[in-house]
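Reminder, nothing fancy here: chain letters follow the sequence lines and each chain counts from 1.
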Amino acid sequence: MGDVLSSLNPMQRQAVLHGEGPLLIFAGAGSGKTRTLAHRVAHLIGARDVAPSRILAVTFTNKAAGELRERVQRLIGSGDAPWVSTFHAACVRILRREIGSLGFSASFAIYDDQDSERLLKECLRELDIAEQTLTPRAAAAVIDAAKNRGISVATFDRSTPAGERAARVYTLYQEKLRRANALDFGDLLLWTVLLFREHPAVLGRYQDRFQHILVDEYQDTNRVQYQLTNVLAARHRNLCVVGDDDQSIYRWRGAEIGNILDFERDYPDAVVIRLEQNYRSTGIILEAAGAVVAQNARRKGKALWTDNPRGEPITVAQVDDDLEEARYVAAEIGRLVRQGHRLRDIAVFYRTNAQSRGFEEALVRHRLPYVIIGGVKFFARAEVKDVLAYLRLLVNPADSLAARRIINVPARGIGTTTVERIAAFEEDAGGFLAACRLALARDALKSVAAERVRGFVELLDGFGRALDTEPYPQLAARIVADTGYATLLREDPSEVARDRIQNIEELLNGMQQHATGGGTLQDYLEQVALVTDVDSYDGQADRVTLMTLHAAKGLEFPVVFMTAMEEGLFPHARVDEEDIEEERRLCYVGMTRAMQQLYLTHARRRRVFGDVHANQRSRFLDEVPRTLVREIGNPARRWELARRQTELFAAHADASSREVRVEYDTEDGLRVGTRVRHATFGVGLVQQLEGSGDGRKATVLFQSVGRKKLVLKFAGLQPA
DNA sequence: GGTGGTATGCTTTTT
DNA sequence: GCATACCACC
C-alpha cells in the first residue's frame, strides 16, 4: 500500500487517507479524480478493513462506473467488489428487492424517454388535452422536472390552471405506469426516495449497510439524488463527494450546483480537499480555460496549475462559412495525421448534434474515418425497440405499451379499429395483452380480426413457453424469424432495410455476449434500458471522434477542435443571460478536454435551418487572453477582434472600478482607467491606486494574466 | 394497411 | 435543410 500511495500527490493522498466523517473533494479538470477515488475505495478495504459490500460508490455514467470498478479491482485484487454503479442502477438494484412494498412487482419494466412520451400521448388523448395546449414532450419535461425535484403526484403544485392541467396528466401517467408495472428514469430515483421515506425499517437496513458512500460528479446531482445520498449517509456520516463546480453542465436536467457549493453548510465538520494539479493539459490550454471560466461569478474559484510544458498557442481560426469550417477542420486533421498524430487522438466538438453533418461529409471526402458519439441511439432505433418489446412483454406481461407496439409489427392485419376495441377491455383485464385475451373470450371482435388477434396471442404464448426452456438470445432470434420480421426486411431491397438487418444482428450478438457472461433476460433488459452511446465509446478504434460538448465530459484527447464558436450557437441562442454561466462552464469543459493542441473555429456566415446567419464571434473567444492565441483567418478581422477585446476589457474594468469613490489626477499621471504596459504582463488597465511615495501601489487588470497588484516603484509601468 | 404527400419542429439528454 | 410524423388516399 505504501508504494501505491507514493504515486499520489499530497492532496490526493490526503483524500485517500481521510478516515471517518464527511469529505468534500474539489477535483479540477484532469486532476486525477478517478485515480483518487479508486485509491480511496481500495484504501478503505485494504487498510481500514471496511467490507467491500459496505461501500457504495455512485457515478453518473456506466462508463465512469466501469472505469472506477476496474481500477478498484486492480488495486484490491480478487475478492468481493464494492457497489460501484450509477445512481439509476443502484436504485434499480434496491427496488428489485424492495419494490413489493410500493405495490409493484420485481419484474418491473424501465421506460425510456421515448416510451414515456408515447404513454403521455395516450394520457393527453384520454384527458382531451389538445396537443396545442400541451405536447407530450412538454408534459414529459414538466413531469421529469418534478421528479428530479422530488415532487410526486401528491405534492405537485396545482395552484395555476396550467399546473392543474399538468397535475391531471401526471396523475394519469403514473396510474398507467403502475398498471404497466413500469418505472421511468425519474421514477427509479423518486420511488427509491419515497420507499425510504415510507418504510423506515427498509431505510434503516441500507443506512446500516452503507458504511461509506462516495459520490462522483456531485456538482451535477439533482435534488432527489441529493436526498438519496444524504438520507443514506445519515447514520455513518461517511459521505465523500467529489466534483467540480466549474464543470456543472446539467442544470437544465435538474442538476443543482448548490448541492456541492453548500456541502460545507450541510456538513460543517466536512474536510475539504482541493485537487488543483492538472496532469492533462499544457500550461497554455489550462490558463486559457481558466481565464474563460474566471468570468463566472457563481463559483468557488480554484487555481489549477500544471507541471506540463506551456505548449503551443491555441489556434483561433476564422473561416467564411460552415462549409469552409468543415473543410478546414478536415484538412487540418489530415495535416496532423501526416505529422504523426493518430486519428483517435483527435476530437471535434460541437454544441448541437445537428452540427455533425458538415464534418461527416468533409471527413468522408478526405477519407478520414470517424465515429459519432450520440445522435440517434442504438437502442432507440425502431427495429431494435420492436424486438426488445417482444422480450419485455414476455418478462412483464403487464407492459401495455410494449404490447401495443408490437401487436401489428410486423404487420399482421390488426388495425386501429381492432386495437381500440381491445383497449376497451384494458381496464377490466389489467393490461393490453390481457385485454386481447378477454376480448377474445367475450367474442367482442369481428371474426377476421379475432383470428388475427388469436394468432398474435398464441405466438406470444409460444414464445413464453420457450422462455423457460431455451437461452434468451436464441429465443430472440426465433422471435425475429417466427414473427416474419426477418423475411419482411430481407425482401426489402432498400438500404434502410439492410441497415435494420445489421442492427438486429448487432442486437442479437450483444445478447449472446451478455448471456455468455451468465446474464439473465431481465438483467439484459435492465442493462439495455440504462446504457447510452457514450458508454460504448472505447477510444481504441483509430478514428476521429465527433461529439457534442456535453458528451465530451470526462474524456480527454491530445487534439481538440471546438467548432462554431459563435454567438447564437455557442452560447446557444436559446439560453438566457442567467444560463450564460452554464454555457461558459460547457466551454471550460470542452477546452480542458484538450491535452496538447486546441483549435477554436468560428465562421462569419453559417446556414442554420436553411437560412444564412452572420453570427458574431463567441464572447468566449474574447475571454481567452490574446497572448495565448494564434489567430488564423481573414486579417481584416483582427482589427475587429482587437477592438472588441478592448471594449470587453474596458467594460470589465468599468464594472470592477465602480467601488472606487474619487479619482484624482496624480503626479505620476496614473488614474483609474489608465492604459498601461508592463514588460512581462503586457497591456492592462489600472483599476485601483493606493498609498504614496515608494509604497504607492496600483491594481492593474492585465489581458494576459488578469488582476495584479504592483508596487509602482518596481513595476516600471509605461503608458500604453 | 401501405404509400406518398405535406406539416412540423428543431439545444444540450449522464439515466 | 432535413428528418420525422401524421394524414389522406389508394
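Counting non-hydrogen atoms under 4.0 angstrom, I414(A) reaches the backbone sugars and phosphates but no base. Using a 4.0 Å heavy-atom distance criterion, G413(A) is classed as a sugar-phosphate-only contact. Nucleic acid contact for D112(A): none, since no nucleic acid atom lies under 4.0 Å from a heavy atom of the residue. Within 4.0 Å of N62(A), counting heavy atoms only, lie sugar-phosphate atoms of the nucleic acid but no base atom. At the heavy-atom level, V575(A) lies under 4.0 Å from base atoms of the strands shown.
Using atom C1' as the reference point in both dT12(B) and dA5(C), the two lie 23 Å apart (nearest Å).
In this structure, the side-chain contact (heavy atoms from CB on, under 4.5 Å) partners of D321(A), at least two apart in sequence or on a different chain, are L323(A), E324(A), R605(A). Listed by chain and number, the residues in a side-chain contact (heavy atoms from CB on, under 4.5 Å) with T135(A) are R137(A), A138(A) (sequence neighbours excluded). Residues satisfying the side-chain contact (heavy atoms from CB on, under 4.5 Å) criterion with A139(A), sequence neighbours excluded, are L120(A), L134(A), V169(A). Checked against side-chain contact (heavy atoms from CB on, under 4.5 Å), V608(A) has the following partners two or more places apart in sequence or in another chain: R606(A), H613(A).
Distances from the side chain of K553(A) to the nucleotides dT12(B), dC10(B), dT14(B) place dT14(B) closest.
The interatomic distance linking L569(A) (CG) with dT12(B) (C1') rounds to 13 Å, in whole Å. Distance, Y226(A) OH to dT14(B) P: 26 Å, rounded to whole Å. Taking atom CD1 of I257(A) as the reference point, atom P of dT14(B) lies 20 Å away to the nearest angstrom. Residue N148(A) contributes atom CG, which lies 16 Å from atom P of dT13(B) at whole-angstrom precision. The nearest whole Å value for the distance from the NE2 atom in H550(A) to the C1' atom in dT13(B) is 8 Å. Atom CG in L228(A) sits roughly 16 Å away from atom C1' in dT14(B) (whole-Å rounding). Here dT13(B) presents its C1' atom at 12 Å from CG of D220(A), a figure rounded to the nearest Å. Straight-line distance from the CD1 atom of I110(A) to the C1' atom of dT14(B): 15 Å, rounded to whole Å.
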Give me the distances for all protein-to-nucleotides 3-9 of chain B N/O pairs that come in under 3.5 Å?
none

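A sub-4.0 Å separation between OP1 or OP2 of dC10(B) and a side-chain N or O of T352(A) is absent. Within the structure, a side-chain polar atom (N or O) of R607(A) is placed less than 4.0 Å from OP1 or OP2 of dG1(C). In terms of phosphate contacts, R357(A) brings a side-chain nitrogen or oxygen within less than 4.0 Å of OP1 or OP2 of dA3(C).
Under the side chain to side chain donor-acceptor pair (under 3.5 Å) criterion, the residue pairs touching residues 83-96 of chain A are R96(A)-E526(A), with sequence neighbours excluded.
Of the two residues contacting DNA chain B, namely G415(A) and T221(A), the nearest-nucleotide position lying further toward the 5' end is that of G415(A).
Residues R617(A) and E567(A) are not paired through a salt bridge, judged by the lack of any N-O separation under 4.0 Å between the basic side chain and the carboxylate.
Without hydrogens or angle criteria, D523(A) side chain to T520(A) main chain gives a donor-acceptor distance under 3.5 Å.
A stacked arrangement is not assigned to Y250(A) and the six-membered base ring of dT12(B), the conditions of a centre distance below 5.5 Å and an interplanar angle below 30° not being jointly met.
Put simply, the residue from R251(A), R253(A), K553(A) that forms a salt bridge (Lys or Arg N to Asp or Glu O under 4.0 Å) with D220(A) is K553(A).
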